[in-house]
Number of protein chains: 2
Amino acid sequence: MVTFFKQHNYKEELKDFGLKATPARLAVVEFLENAKKPADVNSIMDYLQQKRVNADPATVFRMMNDFVKRGITKQIQFETGKARYELLSKGDHHHLICENCGKIEAVSDTVIPQMEEEIKKEHNFLVKRHSLEFFGLCKDCSLKKN
Amino acid sequence: MVTFFKQHNYKEELKDFGLKATPARLAVVEFLENAKKPADVNSIMDYLQQKRVNADPATVFRMMNDFVKRGITKQIQFETGKARYELLSKGDHHHLICENCGKIEAVSDTVIPQMEEEIKKEHNFLVKRHSLEFFGLCKDCSLKKN
DNA sequence: ATGGTTGCAAACACTTTGCACATGA
DNA sequence: TCATGTGCAAAGTGTTTGCAACCAT
């Protein structure tokens with residue numbers, strides 16, 4: 001299995017997906033690669049601006065839809081009414097979202113695969129993807145709250 | 001522990017939550033009680049119309065925010081940009097969402113509580129709520145797709 | 001050269017908000 | 001009666017789309 005977007009030859013990797021290596025796409029992939037948490041379009045726009053790569057929100061939305069369709073990124077929702085994106089190459093893990101300070105940690109996936117097995121057996125339902133997020137209070141905030 | 005909205009004395013139960021029993025609220029609670037899957041505001045509006053209970057979308061949105069805040073319902077997201085609501089009294093379970101026909105099944109929660117224990121131990125993160133949904137192909141659709 | 005990509009503006013869908021009026025307890 | 005709830009209209013946010021111009025290959 002190939003791990004994409006790990007060797008920083010983004011240009012080649014985009015081409016492997018049949019995508020032209022435009023400045024905006026290169027910058028977005030780089031941003032996602034270094035992002036510590038799933039990014040929304042707003043944060044992507046900010047990064048592009050900071051990098052002096054100009055791109056329209058419409059372009060970014062189109063790009064992200066494209067990336068999701070091609071399996072470059074996955075879409076995640078923490079809050080309602082806003083999509084976040086994460087590189088699929090970052091592997092399968094879930095998020096701990098602190099409702100107080102907004103910090104996001106990752107937890108590795110331990111039990112979901114076997115749960116999906118059970119679902120196949122008991123429901124004849126073929127799971128293709130899942131979403132699992134935990135909301136609550138991070139270490140620091142749960143101390144403060146007492 | 002009390003199970004709310006199970007004995008169909010919605011009026012009393014709303015009052016227990018400190019809410020006035022208005023026609024719209026009574027109808028919405030009744031709808032959610034009988035709903036087989038988490039309802040979006042659109043489907044609620046349809047039901048109200050059919051029941052000849054007139055209510056503005058703004059009212060329903062306000063109502064649902066209120067219900068969530070008071071722990072009557074929880075908010076769920078399947079698709080982006082649209083919230084769905086389910087009575088909390090329906091218990092903890094997750095959903096199997098067929099990406100082909102849209103059918104939604106429920107699966108009981110088996111492993112998440114212990115996962116939350118581990119998270120507390122290993123990350124010092126206090127989980128207050130979680131979201132877990134599975135997307136894929138239901139029995140019928142996975143047969144058709146072959 | 002040409003098809004994939006983009007910017008722009010407009011349109012959409014969902015949701016929230018302010019305010020005056022209405023209604024349940 | 002009076003706080004709570006509601007309708008209406010307007011505004012806010014995130015996202016999509018049509019189309020002409022543009023640019024990577």
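Fair warning: this is a prediction, and the values are worked out from it, not measured in the lab.
Counting only distance, with no hydrogens or angles, the side chain of B:R25 and the backbone of B:K20 share a donor-acceptor pair below 3.5 Å.
Two residues are said to be in side-chain contact when any heavy atoms from C-beta on lie closer than 4.5 Å; A:F31 and A:L48 fail this criterion.
Each of A:R62, A:K69, A:R70 was scored for a salt bridge (charged side-chain N to carboxylate O under 4.0 Å, His left out) with A:D66, with one residue passing: A:R70.
Nucleotide D:dG14 holds its P atom 14 Å from the CD atom of A:Q75, rounded to whole Å. What separates CE of A:M64 from P of D:dG14 is a distance of 16 Å, to the nearest Å. For the pair B:E79 CD and D:dT16 C1', the interatomic distance rounds to 16 Å; values are reported in whole Å. With rounding to whole Å, B:R84 atom CZ is found 10 Å from C:dC14 atom P. A straight line from CD of A:Q49 to P of C:dG7 spans 13 Å, rounded to a whole angstrom. For A:F17 and C:dG4, the CZ to C1' distance is 17 Å, given to the nearest whole Å. When rounded to the nearest whole Å, the span between OH of A:Y85 and P of D:dG14 equals 12 Å. One atom, CD of A:Q77, and another, P of D:dG14, lie 13 Å apart when rounded to the nearest Å.
Residue B:K103 qualifies as enclosed at atom NZ: its count of foreign heavy atoms under 6.0 Å is above 12. Atom CD of B:Q49 sits in a sparse spot, with 12 or fewer heavy atoms from other residues, nucleotides or ligands closer than 6.0 Å. No more than 12 heavy atoms of other residues, nucleotides or ligands sit less than 6.0 Å from atom NZ of B:K51.
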Going 5' to 3' through nucleotides 1-10 of chain D, assign each nucleotide B (protein heavy atom under 4.0 Å from a base atom), S (under 4.0 Å only from sugar-phosphate atoms) or - (no protein heavy atom that close). --BBSBBB--

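Both B:A21 and B:N42 sit near DNA chain C, but only B:N42 has its closest nucleotide nearer the 5' end.
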Please report the C-alpha distance between B:E30 and B:L26 in whole Å, then the side-chain angles of each, then the deciding distance to 0.1 Å, and finally whether the side-chain contact (heavy atoms from CB on, under 4.5 Å) criterion is met. CA-CA 6 Å; B:E30 180 196 315; B:L26 287 168; over 6 Å; no

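Checking the phosphate oxygens (OP1, OP2) of D:dT15, no side-chain nitrogen or oxygen of A:N65 falls inside 4.0 Å.
Note on B:D40: nothing from the nucleic acid sits closer than 4.0 angstrom, heavy atoms only.
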